[in-house]
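In what follows, a structure is listed as C-alpha cells, so that the remarks can point back to it.
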Amino acid sequence: MGQPRSERGLGIALVISAAIAWSTAPFFTRLLPFDPWTILFWRGLFAGSLISVFLVVMQGRAALWQLIVPGRGGLLVASLSAVGMVSFIPALQMTKVMNVAVLIATQPFVAAALAWLWLGEAATWRTLTASLIAFAGVVITVGGVQAGADLGGVALSCLMVLAISAMTVVVRRHRETSMVAAAALSNFMGSLVSLPFAHDIAHVGRHGLVILAMFGCLQVALGLTFYMLGSRLLPSGQASLIATLETPLMPFWIWVAFRELPAVHALIGGALVIGAVIADIAGDARSRRPS
C-alpha cells in the first residue's frame with residue numbers, strides 16, 4: 001500500500017519548517033563575536049534543554065529515560081547529527097561560505113545514494129531532476145566555487161554532508177526510535193565535544209547568552225526536531241531536496257535584518273532552488289492523487 005497523502009503532506013510541511021529554521025544561522029552568527037566552539041557549546045546546551053522540555057511535555061518525565069538509553073537507532077542518529085553540527089561552524093570559518101553551501105547542495109544526491117544502497121529506496125527521476133536544478137541554483141546563488149579553498153574546511157563540509165545524509169537514511173530505517181530524544185541527545189553530545197576547545201565560554205555575558213539561547217532554541221532545536229520528524233515520513237532524497245531551501249533563504253534573513261540586498265545572481269539561484277522544490281512537491285502530489 002502507498003503512503004497516506006496526509007502523512008506525506010505532514011512530512012513535507014515539517015521539512016520546509018526545518019529549512020526555514022536552519023536558514024537563520026547566518027543571522028545569529030553575525031551577532032556573536034565568539035569562537036566557534038563556544039558558540040557550539042552554548043547553542044547545543046540551550047537546544048538540547050529545550051528539546052528535552054518538548055519531550056517531557058509530550059510524553060511525560062518517564063520519556064527522559066530515552067535520553068539515557070536511546071537504543072542503537074537513537075544513538076546512531078544522535079551521533080551522526082552531532083558530527084554534522086560540530087563540523088558546520090568550523091567549516092564556515094576555515095573556508096569560504098560559498099564552498100560550504102555548494103557542498104551542502106550535494107546532500108540530496110548523497111542521501112539518495114545511501115538510501116538506495118542501504119534500504120533499496122530508489123529516488124524518482126522527478127526528484128533527481130529537481131535535485132540537479134536545485135544544485136545549479138545553489139551554485140549560482142553562492143557565485144561558484146573558487147580555487148584555493150582551505151582543504152580543512154572543505155573536508156569538514158564533506159564530513160557534514162555525509163553525516164547528515166546518513167542520518168536522514170537512519171531516521172527512515174529506525175522509525176520506531178524517538179527522534180525527539182535523539183535530537184536532544186545530539187545537541188548535548190555536540191556541547192560535550194566542544195567544551196575542551198571553547199576559549200570564550202566564560203566571557204559570553206548576559207546579552208550573548210540571550211542571543212545564544214535564541215540561536216539554540218529557534219535555529220537548532222526547532223529545525224532539527226522538525227527535520228527528524230519530517231524526514232521519517234519522506235523518501236531520503238526528497239527530504240534532503242526540500243532542505244536545500246535553507247540556502248536561498250539565508251540571504252533573505254540578512255536582507256530583512258541588516259538591509260543587505262541580495263545580488264542578482266543570488267535571486268536567480270534562489271528562484272531555481274525554490275522552483276525545483278515546488279515542482280517536486282507538486283509532482284509528488286499529482287502522482288498520489290487518486291484517479
Side-chain angles (χ1 to χ4, degrees), residues 2-4 7-19 21-22 51 66 70-88 91 100 103-132 134-135 138 155-187 189-190 220 223-247 276-277 280-281 284:
Q3 187 179 27
E7 186 176 282
R8 189 90 164 202
L10 176 61
I12 290 172
L14 286 170
V15 176
I16 289 175
S17 299
W22 282 342
I51 298 173
Q66 298 169 1
R72 185 175 62 179
L75 183 60
L76 185 55
V77 168
S79 300
L80 290 169
S81 175
V83 169
M85 288 190 295
V86 169
S87 302
F88 180 56
V100 178
L103 288 169
I104 289 175
T106 65
Q107 188 183 329
F109 306 107
V110 178
L114 292 176
W116 175 66
L117 290 171
W118 190 4
L119 306 178
E121 180 182 276
T124 64
W125 281 107
R126 183 191 65 251
T127 296
L128 290 176
T129 302
S131 297
L132 282 171
F135 176 72
V138 172
L156 283 174
S157 300
C158 292
L159 177 61
M160 176 188 62
V161 169
L162 183 60
I164 299 301
S165 298
M167 183 199 77
T168 304
V169 178
V170 173
V171 166
R172 290 279 289 174
R173 175 65 178 83
H174 295 277
R175 297 191 187 188
E176 75 288 349
T177 301
S178 172
M179 293 307 159
V180 179
L185 181 60
S186 70
N187 279 280
M189 291 171 68
V220 182
L224 188 57
T225 302
F226 286 156
Y227 186 75
M228 285 190 176
L229 293 176
S231 59
R232 70 195 301 176
L233 304 175
L234 298 173
S236 301
Q238 187 180 34
S240 296
L241 168 64
I242 297 173
T244 58
L245 284 172
E246 170 189 3
T247 301
V277 173
D280 182 70
I281 293 173
D284 181 77

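Start at 1 with the first residue, then count along the sequence. Predicted model, so just to flag it, every value in this text is computed and none were measured.
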Approximate separation, where rounding is to 0.5 Å, of [X] [atom1] and [Y] [atom2]:
X      : Y      : atom1 : atom2 : result
Asn187 : Ile51  : CG    : CD1   : 5.0 Å
Leu241 : Phe135 : CG    : CZ    : 13.5 Å
Leu233 : Glu7   : CG    : CD    : 5.0 Å
Leu185 : Ser79  : CG    : OG    : 7.0 Å
Leu159 : Phe88  : CG    : CZ    : 13.5 Å
Leu14  : Thr225 : CG    : OG1   : 10.0 Å

Taking the side chain as everything from C-beta on, heavy atoms only, tell me whether [X] gets closer than 4.5 Å to [Y].
X      : Y      : answer
Trp22  : Leu245 : no
Leu76  : Thr177 : no
Arg8   : Gln238 : yes
Met228 : Met167 : yes
Ser231 : Phe226 : no
Leu132 : Leu128 : no
Val77  : Ser186 : no
Leu80  : Val83  : no

Taking all atoms of both residues into account, what is the closest heavy-atom pair of [X] and [Y], and its distance?
X      : Y      : result
Thr244 : Pro108 : CG2-CG, 3.9 Å
Ala19  : Ala243 : CB-O, 3.9 Å
Asp280 : Ala130 : CB-CB, 4.0 Å
Met189 : Ala78  : SD-CB, 3.9 Å

Quick one: does [X]'s side chain have a donor or acceptor within less than 3.5 Å of a partner on [Y]'s backbone?
X      : Y      : result
Arg172 : Ala115 : no
Thr129 : Trp125 : yes
Ser240 : Gly237 : no

(message) Apply side-chain contact (heavy atoms from CB on, under 4.5 Å) to residues Ile16 and Ile281 and explain how you reach the verdict.
(response) CA-CA 11 Å; Ile16 289 175; Ile281 293 173; 4.1 Å; yes
(message) Side chains of Ser178 and Gln66: any donor to acceptor distance under 3.5 Å?
(response) yes
(message) If we count only N and O atoms by modelled type, under 3.5 Å, do the side chains of Ser165 and Thr168 hold a donor and an acceptor together?
(response) no
